[in-house]
Amino acid sequence: MKNSEIISIKGLIKRFSIGKGYFTALNGIDLSFDKGQFAGVVGPSGSGKTTLLNIIGSLDSPTEGIANVLGQDVNKLSTKKAAILRRKHMGFIFQTYNLLPVYTVFENVEFPLLLLKMSGAKRKKAVMDALDWVGITDKVKSRPAQLSGGECQRVAIARAMVKKPELVLADEPTANLDSENSHHILQTMENLNKELQTTFIFATHDDKVIKYLKRKILLEDGKVTSDDIITN
Amino acid sequence: MLSLKLAYRNLIGAGLRTWLNVFVLSFTYILIIWHYGIIDGWNHQAKKDMKAWEIGNGQIWHQNYDPYDFFTLEESHTTIPQTFKNAISDGVLTPVLISQATVYPEGRIQSMLLRGIDPNQKVIALPTAEMNIESDEIPVIIGRRMAKNCKLKEGDITIIRWRDINGTFDATEVKIVKVFNCNVPNVDAGQMWIPINKLQEMIQSPDEATMFIIGENFEMNENVSGWEFKSFDYLMTEMDEMIKMKKIGGSVFYFILILLAMLAIFDTQVLSIFRRQKEIGTYIAMGMTRIQVVSLFTVEGAMHAILAIIVGAIYGIPFLLWQMKTGFSMPAGTDDFGIAIAETIFPVYGAGLIFFTVLLVIIITTIVSYMPARKISKMKPTDAIKGKIQ
């Protein structure tokens, strides 16, 4: 593993049992990601994008092969150690935002810092900074139900970024957004990637996202069919 | 600490659902405390009344005396032992002579017990001094229940008939000089109190007694042949048993009440776990361990009980204090139950009662909250995030 390499995947296979048989979602994936990459796993529905992201995020484990993420072998991690890995080093952005409905915007963004047991004053500053990055400081007291889809996703980005993680995994982050909001969100993430050197990995089939990617990995039927670095 | 903080946020955020559960639980607390308080208050009051009106500090019975077998009354009185004479003259012991008799109020016939007692006694609260009057008829006092049953009132003259120790029937007129009000049916229902010297004359048993009621500062240091000492606690055994049975009977009521409250909590928890799958998945994705999530949901459920204490205190403490001051009026008819029940019972709330009720509800709520929360540890976070679990 190189110094700048934060994810190394070798011979990754993931099978799901269906009835008496099984379905192979990922079939021999070899990939590596360097720190600060703005990469996307693209492909049609059912190609295995989300499964790959789940394994990288240590929410799932491979059937075969090795997935080394931030120096940890995902297959050998206990659920507790996997939780600690996610808590300290990863941020997640979901298609359906997954904001906690009874919390305010401030409380939603504050949540990952509570898990890190950060002091109150530091927490407040970090939350306000994160909300400032995504331009939503005027909605701190609102609840998710009072926000538009674009605003919800901006809160979700702030929540993922507030602890300044090394890795952010975004699963179809623009699927529920209109074009204008999608671009705004993607620009925000692009800026954060540049400013904080956070590695972003997207799972998407949205062309709007693909336009922003610096690396595009095409996944078809559980196999990587192309892996391109995009230079503007 | 984190679980407490998050659970509090979640509960407050859940709004009306939380407050409905909290109200049901707080109602359970208050009702249990109030009901137990009433039973304890009844117990306390019954003991106090029975001591004042009937039992004193204990009794000394003739060895043949059986309060449940009136046919033994003829053989259960004998001469007052010399050793008791000083105590009687000091007013710390009073003899009672009991005999069967019949009263004829307004031409009707009713069986009763004639109880002879010293009109000057101060051992029990009976207003026996009222019998210290000059009258052509024998002065007697009766209780409110007896007066009601016989349709007698103060000043009435009625005929009583009795049988002396030789088996000879005789009859005379008695005058009701006082109708007293008392919560102890044993000194009231089916009883007529008469000066003991008169009764001794009537049944031809001079200087005899069936029992003695013990007052303050009397100690029975030696066994007196033919007489048996009955302690206050012994004489209260039946009452204590009845209170115990009442508490057990009440427990069924509490069980149902707690069951209803717990059903609401359990239902909320089960629904929460299915409805909040995405939330659970998000917690795990953000780095909470499964144990942390299970404990969060358990604390959330258990916290209903804590909030219920606060809510219960807001409306419950004034209610319980008000009841303590004004008491609870017993329904009409409880007079005829045959046990000592005051018209108004003043509840007694002990610290132990409140502590154990609160502890019991908290423990049960925590268990009920934990049971459905265990399911979380079996969830696949990848499915939970999408809310796909069935």
Side-chain angles (χ1 to χ4, degrees), chain A residues 14 16 25 50-55 57-61 77-104 106-118 120 123 143-145 156 159-160 162-163 165 168-169 171-172, chain B residues 1-19 21 268 271-297 299-301 303-304 307 374 376-390:
Chain A
K14 179 67 185 177
F16 294 105
T50 301
T51 305
L52 180 61
L53 231 61
N54 284 340
I55 291 171
S58 69
L59 290 167
D60 208 346
S61 54
L77 284 178
S78 64
T79 52
K80 190 180 175 184
K81 282 189 175 167
I84 293 168
L85 179 70
R86 289 192 297 271
R87 188 189 306 165
K88 288 185 175 170
H89 305 291
M90 291 185 199
F92 287 84
I93 299 167
F94 303 101
Q95 177 181 339
T96 49
Y97 328 126
N98 286 40
L99 298 178
L100 302 170
V102 298
Y103 288 7
T104 61
F106 184 92
E107 288 165 344
N108 263 286
V109 179
E110 186 192 24
F111 191 88
L113 304 180
L114 283 173
L115 296 181
L116 290 172
K117 296 187 170 77
M118 192 181 274
R123 230 165 41 221
R143 290 186 193 276
R159 184 178 65 183
V162 70
K163 61 188 173 191
V168 170
L169 301 168
D171 190 3
E172 306 278 11
Chain B
M1 197 61 201
L2 179 68
S3 291
L4 279 176
K5 191 171 187 169
L6 297 178
Y8 177 75
R9 273 189 189 178
N10 288 349
L11 275 184
I12 299 300
L16 189 62
R17 184 163 45 89
T18 297
W19 294 115
N21 284 332
T268 306
L271 273 177
S272 280
I273 284 152
F274 284 96
R275 205 170 47 83
R276 293 164 65 187
Q277 283 174 47
K278 273 172 89 169
E279 192 180 322
I280 292 165
T282 309
Y283 287 140
I284 293 171
M286 283 195 287
M288 277 181 94
T289 60
R290 286 164 196 259
I291 293 169
Q292 278 180 313
V293 182
V294 170
S295 94
L296 170 63
F297 275 72
V299 171
E300 226 179 280
M303 209 175 255
H304 282 101
L307 287 178
R374 280 180 312 170
I376 293 168
S377 60
K378 291 172 190 161
M379 277 184 182
K380 276 183 76 181
T382 49
D383 288 342
I385 287 167
K386 292 180 177 173
K388 278 165 70 176
I389 297 165
Q390 296 301 309

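Throughout, a chain's letter reflects where its sequence line sits, starting with A, and its residues are numbered from 1.
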**Report entry** Atom pair CZ/CE of A/Arg86 and B/Met288 - distance to nearest 0.5 Å
**Finding:** 11.5 Å
Requested in this report: Mind running side-chain contact (heavy atoms from CB on, under 4.5 Å) on B/Leu2 and A/Leu115 for me, showing each step along the way?
Outcome: CA-CA 8 Å; B/Leu2 179 68; A/Leu115 296 181; 3.4 Å; yes
Query raised in the report: With a 4.5 angstrom heavy-atom cut-off, which part of A/Pro165 approaches chain B: side chain, backbone, both or neither?
Result: neither
Query raised in the report: Among A/Leu114, A/Asp60, A/Asn54, A/Leu99, who wins on heavy-atom pairs under 4.5 Å with chain B?
Result: A/Leu114
Report task. Nearest 0.5 Å please: distance from the NZ atom of B/Lys386 over to the OG1 atom of A/Thr50. Result -> 4.5 Å
Query - Under 4.5 Å from any heavy atom of chain B - which part of A/Lys163 - result: side chain
Requested in this report: Output the option from B/Gly281, B/Pro381, B/Ala285 having the highest count of non-hydrogen pairs under 4.5 Å with chain A.
Outcome: B/Ala285
Report task. Determine, step by step, whether B/Thr282 and A/Arg159 satisfy the side-chain contact (heavy atoms from CB on, under 4.5 Å) criterion, reporting the C-alpha distance in whole Å, the side-chain angles of both residues, the deciding distance to 0.1 Å, and the verdict. Result -> CA-CA 11 Å; B/Thr282 309; A/Arg159 184 178 65 183; 3.7 Å; yes
Query raised in the report: If you count heavy-atom pairs under 4.5 Å between each of B/Ile291, B/Ile12, B/Leu6 and chain A, which one has the most?
Result: B/Leu6
Report task. Measure A/Glu107 against the heavy atoms of chain B and call it side chain, backbone, both or neither at under 4.5 Å. Result -> both
Query raised in the report: With a 4.5 angstrom heavy-atom cut-off, which part of B/Arg9 approaches chain A: side chain, backbone, both or neither?
Result: both
Report summary line: NZ (B/Lys278) and OG1 (A/Thr96) are apart, to the nearest 0.5 Å, by 3.0 Å
Report summary line: Separation between OH (B/Tyr283) and CG (A/Leu100), nearest 0.5 Å, reads 5.0 Å
Query raised in the report: At what distance, to the nearest 0.5 angstrom, does CG of A/Asn98 lie from CD1 of B/Ile280?
Result: 12.0 Å
Query - B/Ile284 versus chain A, the contacting section by heavy-atom distance below 4.5 Å - result: both
